[in-house]
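Below is one structure, written out as structure tokens; comments come after it.
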There are 2 protein chains.
Amino acid sequence: MTSVTEATPGSNAQRERRRRILDATIALADSGGFDAVQMRAVADNADVALGTLYRYFPSKIHLLVTALGRQFERAEEQSRNRQVPGDTAHERVMYILGHTTTALQQQPELTEALTRAFMFADASVADEIHFVGMKLTAMITRAIDGTDENREPTDEDTAIVRVISDVWFTALMGWVTGRTQAEDVTKSVDVAVRLLLR
Amino acid sequence: MTSVTEATPGSNAQRERRRRILDATIALADSGGFDAVQMRAVADNADVALGTLYRYFPSKIHLLVTALGRQFERAEEQSRNRQVPGDTAHERVMYILGHTTTALQQQPELTEALTRAFMFADASVADEIHFVGMKLTAMITRAIDGTDENREPTDEDTAIVRVISDVWFTALMGWVTGRTQAEDVTKSVDVAVRLLLR
DNA sequence: TCCAAATCTAGAACGTGTTTCAATAATCAT
DNA sequence: ATGATTATTGAAACACGTTCTAGATTTGGA
């Protein structure tokens, strides 16, 4: 037992298993998307039994949405440490979302897997979904507020952020399902942001 | 062979089979949602062989999205024949979407099945998806324009309609997946419409 | 009317998410 | 250290979407 324990519950071995499972999930998703994340393959690659995998994550959706949360946590962390460039709220929001969209589109298979899982998710995954929503909201809100670090977001800000998130998500969904082009995602968001932040 | 043939291709018997399949689909979806629409059950209830079902609809998703199209066609037809009440664009859009939302929420299982299918749909269902999008766009656009029947929608109108559709869809998705309350759907849309139509 | 092509049927079979179970291993309180 | 509890393993089994096959049936043209 090392003294350095993370906030995650369970023994060392359990935290290790959990990490291996999520790593295997991301690796498989990155290589072949949603369909490649097969529970038997995840279990094999993570060196755990299938039953153990299900003890840690009650379904494929939980697994993927949790992985999505981990990715968003990192993205939000990164964005938190840097000043968002841009003179207007519009520019700043587009910087963040354009950036994030491009990053996601660099790993199309992974993005497809995670987005599809997000779409599938039902009430039993509400916590994980909420977590992801919070991270996204935080990023966009920070972009709207800009340099004014201490500005308390107004109700209107919050409402605008929600609408932008919805548009972004729907556009992303169109792209991962192969119904729209990569550029269309950023375009859709840009139109929405223009309508909302004026 | 009767003389009255619909626009649907194929022989009489084939049109009958197709109708039986879609009817069985709606009935099963209405009774138990997405999970109850099992391909074997649909085939049984429609009195066709499983192979035949797959000849008519290449996947469960095609089947459900086609059924969704039929439902939306009817809804749009109904709304087309009536004047939309309300003095402002906001009131009229909310009337239409509030109405439609309430109608969908009367049949939660059916709505869950159709919405989930819509979410799943990939490029191979693009035509059916597009059809549904057109119907929805038509309804909302008519509501924005109000009594001015001949007004040509501006680019801005079109953009606004897209954003509203996205918000509505995302909210509906939250509800069918059991993550939000029924009222939240209309509330979300109302906030978005207020931000966009001012 | 008859033949060839297309369609339909019944049912088996396959893949993958999920569940279950008996046996083994690890952990923890006393 | 020991016994009890809990976690893990390996493997079988199940459910449902989907595919495949062999034989009937229907259809449409000569």
Side-chain angles (χ1 to χ4, degrees), chain A residues 1-2 5 8-22 24-25 28-29 31-67 112-114 116-122 124-125, chain B residues 1-2 5 8-21 24-25 28-29 31-67 112-114 116-117 119-122 124-125:
Chain A
M1 324 253 174
T2 56
T5 52
T8 330
S11 71
N12 246 339
Q14 285 172 326
R15 253 178 290 112
E16 264 304 299
R17 270 192 209 96
R18 191 185 148 91
R19 188 192 53 69
R20 287 206 309 275
I21 290 173
L22 286 175
T25 302
L28 284 165
S31 77
F34 189 86
D35 290 342
V37 182
Q38 300 185 359
M39 299 304 267
R40 290 171 181 84
V42 172
D44 281 357
N45 288 24
D47 266 311
V48 298
L50 189 56
T52 306
L53 172 53
Y54 272 95
R55 169 180 277 266
Y56 280 71
F57 298 95
S59 75
K60 174 169 172 172
I61 299 302
H62 276 83
L63 181 56
L64 282 165
V65 175
T66 305
E112 186 253 3
L114 300 181
R116 279 210 128 103
F118 189 89
M119 287 165 31
F120 266 109
D122 66 2
S124 73
V125 214
Chain B
M1 325 257 173
T2 55
T5 52
T8 330
S11 70
N12 246 339
Q14 285 172 325
R15 254 177 291 111
E16 263 303 299
R17 271 192 208 95
R18 192 184 145 90
R19 188 192 54 70
R20 286 206 310 274
I21 290 172
T25 301
L28 284 165
S31 77
F34 189 85
D35 290 342
V37 182
Q38 301 184 357
M39 298 306 266
R40 290 172 179 85
V42 172
D44 281 357
N45 288 25
D47 265 309
V48 298
L50 189 55
T52 306
L53 172 53
Y54 273 93
R55 169 181 277 268
Y56 280 71
F57 298 94
S59 76
K60 176 168 169 173
I61 299 302
H62 276 83
L63 181 56
L64 281 166
V65 175
T66 306
E112 186 253 3
L114 300 181
R116 278 210 128 102
M119 287 166 29
F120 266 108
D122 66 3
S124 73
V125 213

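Side chains included, hydrogens not; waters and symmetry mates left out as well; all remaining heavy atoms used. Order of the sequence lines fixes the chain letters, A, B, ..., with proteins taken first and strands second; residue numbering starts at 1 for each chain.
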* Structure fact -> Between the CD atom in A/E16 and the CG atom in A/D47, the distance rounded to the nearest 0.5 Å is 11.5 Å
* Rounded interatomic separation in angstrom, taking CG from B/D35 and C1' from C/dT18 -> 13 Å
* Rounded to the Å, how far apart are A/M39 CE and C/dT16 P? -> 14 Å
* Value in whole Å for how far the C1' atom of D/dT18 lies from CG of B/D122 -> 15 Å
* **Atom-pair distance (CZ on B/R20; C1' on C/dC8), nearest Å** => 12 Å
* **For the student: nearest non-hydrogen atoms of A/R116 and B/D122, plus distance** => NH2-CB, 4.0 Å
Please produce a list of atom pairs where a protein N or O lies less than 3.5 Å from an N or O of nucleotides 5-8 of chain D.
residue	atom	partner	partner atom	Å
D/dA7	OP2	A/R55	NH1	3.0
D/dT8	OP1	A/R17	NH1	2.6
D/dT8	OP1	A/Y56	OH	2.8

* Asked: Taking only residues two or more places apart in sequence, or in another chain, which ones meet A/S31 in a side chain to side chain contact (heavy atoms under 4.5 Å, CB included)?
  -> none
* Structure fact -> note: B/E16, atom CD; C/dC8, atom P; distance rounded to Å ~ 13 Å
* Asked: So which heavy atom on A/N45 is nearest to which on A/A24, and how close?
  -> CB-CB, 3.8 Å
* Structure fact -> A/T52 meets the side chain to side chain contact (heavy atoms under 4.5 Å, CB included) criterion, sequence neighbours left out, with A/R17, A/V48, A/A49, A/Y56
Sub-3.5 Å pairs of nitrogen or oxygen atoms, protein against nucleotides 12-14 of chain D:
residue	atom	partner	partner atom	Å
D/dA13	N6	A/R40	NH2	3.3

* To do: Return the set of residues passing salt bridge (charged side-chain N to carboxylate O under 4.0 Å, His left out) with B/R20 (not counting sequence neighbours), or none when no residue passes.
  => none
Quick one: which protein N/O atoms are closer than 3.5 Å to N/O atoms of nucleotides 21-24 of chain D? Pair and distance per line, please.
none

* To do: Specify the separation, in whole Å, of atom CZ of A/F57 and atom C1' of C/dG17.
  => 16 Å
* **Interatomic spacing from CG in A/N12 to CD in A/Q14 - rounded to 0.5 Å** => 9.5 Å
* Any idea how B/F120 and B/F34 line up, ring-wise: parallel (<30°), tilted (30 to 60°), or perpendicular (>60°)? -> parallel
* Asked: How close or far is atom C1' of C/dG17 from atom CD1 of A/I61, stated in whole angstroms?
  -> 10 Å
* Asked: How would you label the contact of A/V42 with the nucleic acid (heavy atoms, under 4.0 Å): base, sugar-phosphate, or nothing?
  -> nothing
* How many Å lie between CG on A/D44 and P on D/dG10, as a whole number? -> 10 Å
* To do: Could you tell me which non-hydrogen atom of A/A113 sits nearest to which non-hydrogen atom of A/G33, and how far apart they are?
  => CB-C, 3.7 Å
* For B/F57 against B/L63, the heavy-atom pair lying closest together -> CD1-CD1, 3.6 Å
* Minimum heavy-atom distance A/T25-A/A67, with the two atoms named -> CG2-CB, 4.5 Å
